[in-house]
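Worksheet: the structure to be examined is printed underneath.
Because the structure is predicted, anything quoted here is derived from the model rather than measured. Side-chain atoms are counted along with the backbone in the values below, which use heavy atoms only and exclude waters and symmetry mates.
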Amino acid sequence: QVQLVESGGGLVQAGASLRLSCAASGRTYSPDAMAWFRQASGKEREFVAATNGNGDITNYADSVKGRFTITRDRARNMLYLQMNLLKPEDTAVYYCARRVVADASRYFREYDYWGQGTQVTVSS
C-alpha cells in the first residue's frame with residue numbers, strides 16, 4: 001500500500017502564495033506519475049497539475065498555468081505544489097494523487113492512490 005499525506009493548506013488573501021507538500025510512504029513504485037487535483041465545494045474534482053515518473057515533464061490546467069509549479073523530490077518521496085498569485089477561485093480541497101505508471105494524466109480515474117486532502121481558502 002501507498003500512503004499519501006498532504007500538508008501546507010491554509011487561509012490566505014488573494015495574491016498570496018502557498019506551498020503544498022505531499023509525503024508518500026509505504027510500498028512505492030518506480031516509475032510513477034503524480035499529480036494534484038482539487039475539489040471546490042459543490043463541484044467535481046478537477047485536474048491542477050501533474051508530473052511524470054522522472055519529474056522532467058509537467059503539465060498544468062489552463063487556470064493555473066504560469067502561477068502554479070509542480071515539483072517532486074524522488075529521494076524524499078515528496079511532491080510539491082507552489083501556488084503563487086492565488087485567487088478566490090483557487091479555493092478548494094487539494095489532493096495529491098499517484099499512479100503506478102510513468103505517464104502523467106489529467107484524468108482522476110487513472111490515479112491509484114489518493115491523499116486525504118488539504119484545504120486552501122483564498123479570501124478576496
Checking ring pair (Phe, Tyr, Trp, His ring centres under 6.0 Å) for the pair Phe37/Tyr111: CA distance, chi angles, key distance, verdict? CA-CA 11 Å; Phe37 289 80; Tyr111 285 82; 5.4 Å; yes

Show your working on side chain to side chain contact (heavy atoms under 4.5 Å, CB included) between Leu4 and Arg98 and close with a plain yes or no. CA-CA 8 Å; Leu4 302 174; Arg98 188 169 189 153; 4.0 Å; yes

Asp56 vs Arg72, salt bridge (Lys or Arg N to Asp or Glu O under 4.0 Å): CA-CA, chis, key distance, verdict: CA-CA 9 Å; Asp56 57 351; Arg72 67 186 301 173; over 6 Å; no

Applying side chain to side chain contact (heavy atoms under 4.5 Å, CB included) to Leu20 and Tyr80, what does each step give before you reach the verdict? CA-CA 6 Å; Leu20 304 184; Tyr80 303 100; over 6 Å; no

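In this structure, the side chains of Val100 and Tyr113 come closer than 4.5 Å at one or more pairs of heavy atoms. The side-chain heavy atoms of Val120 and Met83, taken from C-beta on, include a pair separated by under 4.5 Å. Between Ile70 and Leu79, some side-chain heavy-atom pair lies under the 4.5 Å cut-off. Trp114 is listed as a side-chain neighbour of Phe108, based on a closest heavy-atom distance under 4.5 Å. Taking the side chain as every heavy atom from C-beta outward, Thr69 and Arg19 never approach each other to under 4.5 Å. For the pair Thr71 and Leu81, the minimum side-chain heavy-atom distance is 4.5 Å or more.
Taking each heavy atom of Ala50 and Ala35 in turn, the nearest pair found is CB-CB, 3.7 Å. In terms of heavy atoms, Ser17 sits closest to Gln82 at CB-NE2, 3.9 Å. Here the closest heavy-atom approach between residue Thr91 and residue Ala40 is recorded as O-CB, 3.7 Å. Across all their heavy atoms, Tyr107 and Ser105 have their closest contact at N-OG, 3.0 Å.
Each of Thr58, Asp90, Leu18, Leu85 was compared with Phe68 under the side chain to side chain contact (heavy atoms under 4.5 Å, CB included) criterion, and only Asp90 meets it. Of the residues Glu6, Gln116, Arg38, the one that meets the side chain to side chain contact (heavy atoms under 4.5 Å, CB included) test with Tyr95 is Glu6.
Within the 3.5 Å criterion, the main-chain N or O of Leu11 finds no donor-acceptor partner in the side chain of Thr121. A donor-acceptor pair is defined here as one N or O able to donate and one able to accept, closer than 3.5 Å; no such pair exists between the side chain of Asp32 and the backbone of Gly53. With Arg106 contributing its side chain and Tyr60 its backbone, the two residues share a donor-acceptor pair below 3.5 Å.
Residues in residues 45-94 take part in no disulfide (SG to SG under 2.5 Å) pair, two or more places apart or across chains. Under the disulfide (SG to SG under 2.5 Å) criterion, the residue pairs touching residues 54-103 are Cys22-Cys96, with sequence neighbours excluded.
With values rounded to the nearest 0.5 angstrom, Glu46 atom CD is found 5.5 Å from Ser63 atom OG.
Both Trp36 and Val2 are assigned to one and the same hydrophobic cluster, defined by single-linkage of ILVMFWY side chains at heavy-atom distances under 4.5 Å.
Under a 4.0 Å N-O distance rule, the pair Arg99/Asp112 does not qualify as a salt bridge.
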